[in-house]
Amino acid sequence: MVLPTPEEAVRFDLEGASMRSRLLDGSLNGEDRDRLLLRLDRGIDLGASAILQDAQLYVDPRAALPTPAGVRNAIKGSHANMRHHRGVPDFHIDRRDTLHWIEVGSVALPTFVHPTGSSVLIVTFHGVLNRDKYVLPRFEWVNSLRNLGHSILSFGDPTMDLELGLEGGWWLGTPLVDVVPQMATIVSRAMEELGARDLVLAGSSMGGFGALQLGAYFPEATVVAFNPQTDVRKYHVRRVTRVAMGSVFGADAPPHPPRVSVLERYASTGIVPSRIRYVANIGDRHHNEEHFEPFSAGLESIQPGRIIRTTRDDGPGHVKIPAPAFISTVLEELERLNASA
(Lines give C-alpha, C1' and ligand atoms only; values in the text may rest on other atoms or scores of the structure.)
Protein backbone atom coordinates (compact mmCIF):
# COMPACT_ATOMS: atom_id res chain seq x y z
CA MET A 1 0.00 0.00 0.00
CA VAL A 2 1.42 3.34 -1.09
CA LEU A 3 0.19 6.55 0.51
CA PRO A 4 0.13 9.68 -1.65
CA THR A 5 2.15 12.77 -0.94
CA PRO A 6 0.02 15.74 0.23
CA GLU A 7 0.37 17.25 -3.24
CA GLU A 8 -0.70 14.03 -4.93
CA ALA A 9 -3.66 13.66 -2.57
CA VAL A 10 -5.01 17.06 -3.64
CA ARG A 11 -4.29 16.45 -7.33
CA PHE A 12 -5.98 13.05 -7.36
CA ASP A 13 -8.94 14.46 -5.41
CA LEU A 14 -9.47 17.14 -8.07
CA GLU A 15 -9.03 14.56 -10.81
CA GLY A 16 -11.50 12.19 -9.15
CA ALA A 17 -14.14 14.90 -8.79
CA SER A 18 -13.79 15.79 -12.45
CA MET A 19 -14.05 12.14 -13.48
CA ARG A 20 -17.12 11.54 -11.34
CA SER A 21 -18.75 14.54 -12.99
CA ARG A 22 -17.93 13.18 -16.46
CA LEU A 23 -19.13 9.76 -15.39
CA LEU A 24 -22.56 11.22 -14.59
CA ASP A 25 -22.61 13.07 -17.93
CA GLY A 26 -21.72 9.88 -19.77
CA SER A 27 -18.49 11.41 -21.07
CA LEU A 28 -15.94 9.34 -19.13
CA ASN A 29 -13.67 7.91 -21.80
CA GLY A 30 -11.01 5.26 -22.26
CA GLU A 31 -8.21 7.71 -21.54
CA ASP A 32 -9.80 8.56 -18.19
CA ARG A 33 -10.09 4.91 -17.29
CA ASP A 34 -6.49 4.24 -18.30
CA ARG A 35 -5.36 7.06 -16.00
CA LEU A 36 -7.28 5.51 -13.10
CA LEU A 37 -5.79 2.09 -13.80
CA LEU A 38 -2.27 3.56 -13.89
CA ARG A 39 -2.90 5.04 -10.45
CA LEU A 40 -4.00 1.63 -9.18
CA ASP A 41 -0.89 0.06 -10.70
CA ARG A 42 1.14 2.46 -8.54
CA GLY A 43 -0.76 1.22 -5.50
CA ILE A 44 -2.65 4.48 -4.96
CA ASP A 45 -6.43 4.23 -5.07
CA LEU A 46 -7.99 7.47 -3.71
CA GLY A 47 -11.37 6.59 -5.19
CA ALA A 48 -10.14 5.18 -8.51
CA SER A 49 -11.63 1.74 -7.81
CA ALA A 50 -15.01 3.22 -6.91
CA ILE A 51 -15.12 5.35 -10.06
CA LEU A 52 -14.30 2.32 -12.20
CA GLN A 53 -16.89 0.23 -10.35
CA ASP A 54 -19.58 2.84 -11.03
CA ALA A 55 -18.43 3.27 -14.63
CA GLN A 56 -19.24 -0.36 -15.36
CA LEU A 57 -22.91 0.47 -15.01
CA TYR A 58 -22.96 4.11 -16.06
CA VAL A 59 -20.71 4.08 -19.11
CA ASP A 60 -20.99 0.63 -20.61
CA PRO A 61 -22.64 -2.26 -18.73
CA ARG A 62 -21.06 -4.70 -21.19
CA ALA A 63 -17.52 -3.49 -20.61
CA ALA A 64 -15.29 -5.89 -18.72
CA LEU A 65 -13.30 -3.31 -16.78
CA PRO A 66 -10.53 -4.74 -14.58
CA THR A 67 -11.86 -3.30 -11.35
CA PRO A 68 -10.60 -4.62 -8.01
CA ALA A 69 -13.03 -6.88 -6.19
CA GLY A 70 -14.68 -5.76 -3.00
CA VAL A 71 -14.58 -2.00 -3.41
CA ARG A 72 -18.32 -1.57 -2.75
CA ASN A 73 -21.65 -1.95 -4.48
CA ALA A 74 -21.92 0.33 -7.48
CA ILE A 75 -24.20 3.35 -7.21
CA LYS A 76 -26.66 1.80 -9.63
CA GLY A 77 -28.58 -1.30 -8.69
CA SER A 78 -27.34 -1.48 -5.10
CA HIS A 79 -30.80 -1.18 -3.51
CA ALA A 80 -34.40 -1.86 -4.51
CA ASN A 81 -35.20 1.83 -4.13
CA MET A 82 -32.25 4.05 -4.91
CA ARG A 83 -31.83 7.75 -5.65
CA HIS A 84 -28.66 9.31 -7.03
CA HIS A 85 -28.03 13.01 -6.43
CA ARG A 86 -25.45 15.15 -8.22
CA GLY A 87 -24.75 17.03 -5.01
CA VAL A 88 -26.00 17.79 -1.52
CA PRO A 89 -28.32 20.61 -2.73
CA ASP A 90 -30.20 18.03 -4.85
CA PHE A 91 -30.95 15.75 -1.89
CA HIS A 92 -34.62 15.21 -1.06
CA ILE A 93 -36.44 12.59 0.98
CA ASP A 94 -38.44 9.81 -0.65
CA ARG A 95 -41.50 8.50 1.20
CA ARG A 96 -40.23 4.94 1.47
CA ASP A 97 -36.99 3.27 2.50
CA THR A 98 -34.37 4.64 0.13
CA LEU A 99 -30.64 4.41 -0.42
CA HIS A 100 -29.37 7.82 -1.53
CA TRP A 101 -25.99 8.19 -3.23
CA ILE A 102 -24.95 11.83 -2.93
CA GLU A 103 -21.97 13.11 -4.90
CA VAL A 104 -19.47 15.03 -2.77
CA GLY A 105 -16.41 15.75 -4.88
CA SER A 106 -14.40 12.65 -5.72
CA VAL A 107 -16.56 10.30 -3.62
CA ALA A 108 -20.24 9.49 -3.20
CA LEU A 109 -21.82 9.69 0.25
CA PRO A 110 -24.14 6.71 0.94
CA THR A 111 -27.19 7.67 3.00
CA PHE A 112 -30.06 5.37 3.92
CA VAL A 113 -33.38 6.85 5.02
CA HIS A 114 -36.26 5.03 6.73
CA PRO A 115 -39.04 7.64 6.89
CA THR A 116 -42.03 7.56 9.26
CA GLY A 117 -44.46 10.14 10.55
CA SER A 118 -42.55 10.47 13.83
CA SER A 119 -41.40 13.78 15.26
CA VAL A 120 -38.05 12.11 16.04
CA LEU A 121 -35.18 11.51 13.62
CA ILE A 122 -32.48 9.05 14.71
CA VAL A 123 -29.19 9.29 12.81
CA THR A 124 -26.81 6.32 12.99
CA PHE A 125 -23.20 5.68 12.02
CA HIS A 126 -21.26 2.44 11.56
CA GLY A 127 -18.05 1.35 13.21
CA VAL A 128 -14.74 0.02 11.92
CA LEU A 129 -15.36 -2.80 9.44
CA ASN A 130 -13.65 -5.98 8.33
CA ARG A 131 -13.57 -5.41 4.58
CA ASP A 132 -13.39 -9.15 3.90
CA LYS A 133 -16.69 -9.62 5.76
CA TYR A 134 -18.78 -6.56 4.85
CA VAL A 135 -19.73 -5.13 1.48
CA LEU A 136 -20.04 -1.36 1.45
CA PRO A 137 -22.14 0.65 1.97
CA ARG A 138 -22.78 -0.36 5.56
CA PHE A 139 -25.67 1.04 7.62
CA GLU A 140 -25.54 -0.06 11.25
CA TRP A 141 -28.39 -0.23 13.77
CA VAL A 142 -31.17 0.47 11.24
CA ASN A 143 -32.85 -2.92 11.59
CA SER A 144 -32.42 -2.86 15.37
CA LEU A 145 -34.18 0.51 15.64
CA ARG A 146 -36.99 0.03 13.09
CA ASN A 147 -39.51 -1.23 15.64
CA LEU A 148 -39.30 2.01 17.61
CA GLY A 149 -41.43 3.71 14.97
CA HIS A 150 -39.17 6.70 14.40
CA SER A 151 -37.55 7.97 11.22
CA ILE A 152 -33.97 6.78 10.76
CA LEU A 153 -31.18 8.22 8.65
CA SER A 154 -27.93 6.26 8.47
CA PHE A 155 -24.62 7.36 6.97
CA GLY A 156 -22.03 5.14 5.36
CA ASP A 157 -18.48 6.46 5.35
CA PRO A 158 -17.39 7.65 1.87
CA THR A 159 -13.80 7.98 3.10
CA MET A 160 -13.53 4.21 2.79
CA ASP A 161 -13.70 4.56 -0.99
CA LEU A 162 -10.19 5.99 -0.86
CA GLU A 163 -8.49 2.67 -0.15
CA LEU A 164 -9.72 -0.89 -0.71
CA GLY A 165 -8.28 -2.20 2.54
CA LEU A 166 -9.32 0.73 4.72
CA GLU A 167 -11.20 -0.57 7.76
CA GLY A 168 -12.22 2.82 9.12
CA GLY A 169 -12.38 6.33 7.72
CA TRP A 170 -13.96 8.33 10.57
CA TRP A 171 -15.84 10.47 8.02
CA LEU A 172 -12.61 12.38 7.41
CA GLY A 173 -13.71 13.03 3.82
CA THR A 174 -11.20 13.72 1.05
CA PRO A 175 -8.25 16.14 0.83
CA LEU A 176 -10.52 18.96 -0.36
CA VAL A 177 -13.92 17.98 1.07
CA ASP A 178 -14.88 17.90 4.74
CA VAL A 179 -17.97 15.69 4.62
CA VAL A 180 -19.30 16.42 8.13
CA PRO A 181 -20.77 19.84 7.21
CA GLN A 182 -22.25 18.17 4.12
CA MET A 183 -23.88 15.56 6.35
CA ALA A 184 -25.24 18.32 8.58
CA THR A 185 -26.96 19.89 5.59
CA ILE A 186 -28.47 16.53 4.66
CA VAL A 187 -29.79 15.98 8.19
CA SER A 188 -31.25 19.49 8.32
CA ARG A 189 -33.02 18.87 5.01
CA ALA A 190 -34.30 15.50 6.22
CA MET A 191 -35.67 16.97 9.45
CA GLU A 192 -37.46 19.69 7.54
CA GLU A 193 -39.00 17.35 4.99
CA LEU A 194 -39.93 14.71 7.57
CA GLY A 195 -41.34 17.26 10.01
CA ALA A 196 -39.01 15.98 12.73
CA ARG A 197 -38.58 18.07 15.89
CA ASP A 198 -36.12 16.00 17.94
CA LEU A 199 -32.74 14.74 16.74
CA VAL A 200 -30.80 11.81 18.23
CA LEU A 201 -27.32 11.00 16.87
CA ALA A 202 -26.11 7.53 17.81
CA GLY A 203 -23.16 5.25 17.17
CA SER A 204 -20.55 2.98 18.71
CA SER A 205 -16.75 3.30 18.52
CA MET A 206 -16.01 4.97 15.15
CA GLY A 207 -19.76 5.46 14.80
CA GLY A 208 -19.76 7.26 18.14
CA PHE A 209 -17.07 9.57 16.79
CA GLY A 210 -19.32 10.32 13.80
CA ALA A 211 -22.27 11.07 16.07
CA LEU A 212 -20.19 13.39 18.26
CA GLN A 213 -18.76 15.17 15.21
CA LEU A 214 -22.17 15.80 13.67
CA GLY A 215 -23.39 17.14 17.01
CA ALA A 216 -21.19 20.18 16.35
CA TYR A 217 -23.89 21.49 14.00
CA PHE A 218 -27.00 20.83 16.09
CA PRO A 219 -27.16 22.61 19.47
CA GLU A 220 -30.45 20.91 20.39
CA ALA A 221 -29.31 17.39 19.50
CA THR A 222 -28.92 14.43 21.84
CA VAL A 223 -25.81 12.35 21.13
CA VAL A 224 -25.61 8.73 22.31
CA ALA A 225 -22.04 7.48 21.93
CA PHE A 226 -20.82 4.05 23.03
CA ASN A 227 -17.08 3.74 23.70
CA PRO A 228 -16.35 6.32 21.01
CA GLN A 229 -13.08 7.66 19.80
CA THR A 230 -12.90 11.39 20.44
CA ASP A 231 -9.58 11.94 18.66
CA VAL A 232 -8.66 9.77 15.67
CA ARG A 233 -4.95 10.28 16.33
CA LYS A 234 -5.29 8.37 19.61
CA TYR A 235 -7.07 5.27 18.26
CA HIS A 236 -5.19 2.22 19.47
CA VAL A 237 -5.03 0.43 16.07
CA ARG A 238 -2.54 2.79 14.50
CA ARG A 239 -2.22 0.86 11.25
CA VAL A 240 -5.83 1.78 10.49
CA THR A 241 -5.54 5.46 11.37
CA ARG A 242 -2.24 5.78 9.48
CA VAL A 243 -3.88 4.69 6.23
CA ALA A 244 -7.05 6.70 6.87
CA MET A 245 -5.28 9.98 7.63
CA GLY A 246 -2.59 9.35 5.01
CA SER A 247 -5.17 8.70 2.30
CA VAL A 248 -7.00 11.93 3.15
CA PHE A 249 -4.21 14.36 4.01
CA GLY A 250 -1.21 12.68 2.39
CA ALA A 251 1.66 10.69 3.88
CA ASP A 252 3.03 12.31 7.05
CA ALA A 253 0.93 15.45 6.50
CA PRO A 254 -0.59 17.09 9.57
CA PRO A 255 -4.34 16.39 9.70
CA HIS A 256 -6.94 19.14 9.81
CA PRO A 257 -7.70 19.32 13.57
CA PRO A 258 -11.54 19.63 13.41
CA ARG A 259 -11.73 16.51 11.25
CA VAL A 260 -9.80 14.31 13.67
CA SER A 261 -10.82 15.78 17.06
CA VAL A 262 -14.33 16.26 18.43
CA LEU A 263 -13.20 19.06 20.75
CA GLU A 264 -11.54 20.85 17.83
CA ARG A 265 -14.74 20.46 15.80
CA TYR A 266 -16.80 22.01 18.60
CA ALA A 267 -14.31 24.85 18.82
CA SER A 268 -14.51 25.44 15.07
CA THR A 269 -18.33 25.68 14.98
CA GLY A 270 -18.85 27.16 18.45
CA ILE A 271 -21.62 24.58 18.98
CA VAL A 272 -21.89 21.76 21.51
CA PRO A 273 -24.93 19.46 21.44
CA SER A 274 -27.34 19.94 24.34
CA ARG A 275 -26.76 16.46 25.78
CA ILE A 276 -24.06 13.82 25.27
CA ARG A 277 -24.83 10.40 26.71
CA TYR A 278 -21.40 8.80 26.84
CA VAL A 279 -21.61 5.05 27.54
CA ALA A 280 -18.26 3.56 28.59
CA ASN A 281 -17.18 -0.04 29.03
CA ILE A 282 -15.20 -0.08 32.28
CA GLY A 283 -12.99 -2.82 30.84
CA ASP A 284 -11.87 -0.62 27.92
CA ARG A 285 -8.92 1.08 29.58
CA HIS A 286 -7.57 2.69 26.42
CA HIS A 287 -10.82 4.43 25.46
CA ASN A 288 -11.48 5.55 29.02
CA GLU A 289 -8.01 7.03 29.53
CA GLU A 290 -7.16 8.29 26.04
CA HIS A 291 -10.58 9.34 24.77
CA PHE A 292 -13.14 9.89 27.53
CA GLU A 293 -10.98 11.59 30.16
CA PRO A 294 -9.36 14.30 27.99
CA PHE A 295 -12.61 14.85 26.08
CA SER A 296 -14.67 15.19 29.24
CA ALA A 297 -12.15 17.55 30.85
CA GLY A 298 -11.96 19.70 27.73
CA LEU A 299 -15.72 19.80 27.30
CA GLU A 300 -16.37 20.72 30.92
CA SER A 301 -14.02 23.66 30.57
CA ILE A 302 -16.04 25.18 27.73
CA GLN A 303 -19.60 23.84 28.23
CA PRO A 304 -20.16 22.36 31.70
CA GLY A 305 -22.92 19.84 32.24
CA ARG A 306 -23.35 18.69 28.66
CA ILE A 307 -21.85 15.21 29.10
CA ILE A 308 -23.47 12.41 31.11
CA ARG A 309 -21.33 9.30 31.51
CA THR A 310 -22.79 5.89 32.27
CA THR A 311 -20.80 2.69 32.53
CA ARG A 312 -21.19 -0.94 31.59
CA ASP A 313 -19.07 -4.02 32.18
CA ASP A 314 -18.70 -5.74 28.81
CA GLY A 315 -15.37 -7.32 29.63
CA PRO A 316 -11.80 -6.32 28.87
CA GLY A 317 -10.86 -4.33 25.78
CA HIS A 318 -12.73 -2.52 23.06
CA VAL A 319 -15.78 -4.67 22.28
CA LYS A 320 -18.95 -4.08 20.28
CA ILE A 321 -21.94 -2.90 22.29
CA PRO A 322 -24.72 -5.55 22.37
CA ALA A 323 -27.75 -4.54 20.32
CA PRO A 324 -30.20 -4.75 23.27
CA ALA A 325 -28.01 -2.34 25.27
CA PHE A 326 -27.77 0.03 22.31
CA ILE A 327 -31.55 0.06 21.84
CA SER A 328 -32.38 0.38 25.54
CA THR A 329 -30.04 3.35 25.93
CA VAL A 330 -31.50 5.11 22.90
CA LEU A 331 -34.97 4.41 24.32
CA GLU A 332 -33.99 6.01 27.64
CA GLU A 333 -32.96 9.17 25.82
CA LEU A 334 -36.16 9.18 23.76
CA GLU A 335 -38.22 8.86 26.93
CA ARG A 336 -36.34 11.79 28.43
CA LEU A 337 -37.05 13.87 25.32
CA ASN A 338 -40.72 12.92 25.46
CA ALA A 339 -40.94 13.82 29.14
CA SER A 340 -39.40 17.23 28.53
CA ALA A 341 -41.59 18.05 25.52
Below 4.5 Å, heavy atoms only, C-beta onward: do [X] and [Y] meet side chain to side chain?
| X | Y | result |
| --- | --- | --- |
| F12 | S106 | no |
| H256 | S268 | no |
| P4 | L46 | yes |
| V180 | Y217 | yes |

Polar contact flag, side-chain donor to acceptor under 3.5 angstrom, [X]-[Y]:
| X | Y | answer |
| --- | --- | --- |
| N143 | R146 | yes |
| Q229 | W170 | yes |
| T222 | R277 | no |
| S18 | R22 | yes |

- Give a yes or no on whether R233 atom CZ has more than 12 heavy-atom contacts from other residues, nucleotides or ligands under 6.0 Å away. yes
- Message: If I take atom CG from residue L121 and atom CG from residue L153, how far apart are they, to the nearest 0.5 angstrom?
- Response: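 Nearest 0.5 Å value for the CG-CG distance: 6.0 Å.
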- Message: Tell me which pairs pass salt bridge (Lys or Arg N to Asp or Glu O under 4.0 Å) where either residue lies in residues 252-270, with sequence neighbours left out.
- Response: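 Non-adjacent pairs meeting salt bridge (Lys or Arg N to Asp or Glu O under 4.0 Å): D178-R265.
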- Message: Could you go through Y235 and F209, starting from their C-alpha distance and side-chain angles, then the distance that decides it, and tell me whether this counts as side-chain contact (heavy atoms from CB on, under 4.5 Å)?
- Response: CA-CA 11 Å; Y235 185 57; F209 176 84; over 6 Å; no
- With E167 as partner, the option from K133, R131, R242, R239 fulfilling salt bridge (charged side-chain N to carboxylate O under 4.0 Å, His left out) is R239
- Task: With sequence neighbours left out, write down each residue that passes ring-ring contact (aromatic ring centres under 6.0 Å, His included) with F91, or none if nothing qualifies.
- Result: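 F91: ring-ring contact (aromatic ring centres under 6.0 Å, His included) contacts with H85, H100.
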- Step by step, would you call H291 with H286 a ring-ring contact (aromatic ring centres under 6.0 Å, His included)? CA-CA 7 Å; H291 294 276; H286 168 79; 5.1 Å; yes
- Message: Name the residue from V177, V107, V248 that meets the side-chain contact (heavy atoms from CB on, under 4.5 Å) definition with T159.
- Response: V248
- Message: Ring-plane angle category for F155 and F125, please: parallel below 30°, perpendicular beyond 60°, tilted otherwise.
- Response: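 F155 and F125: tilted rings.
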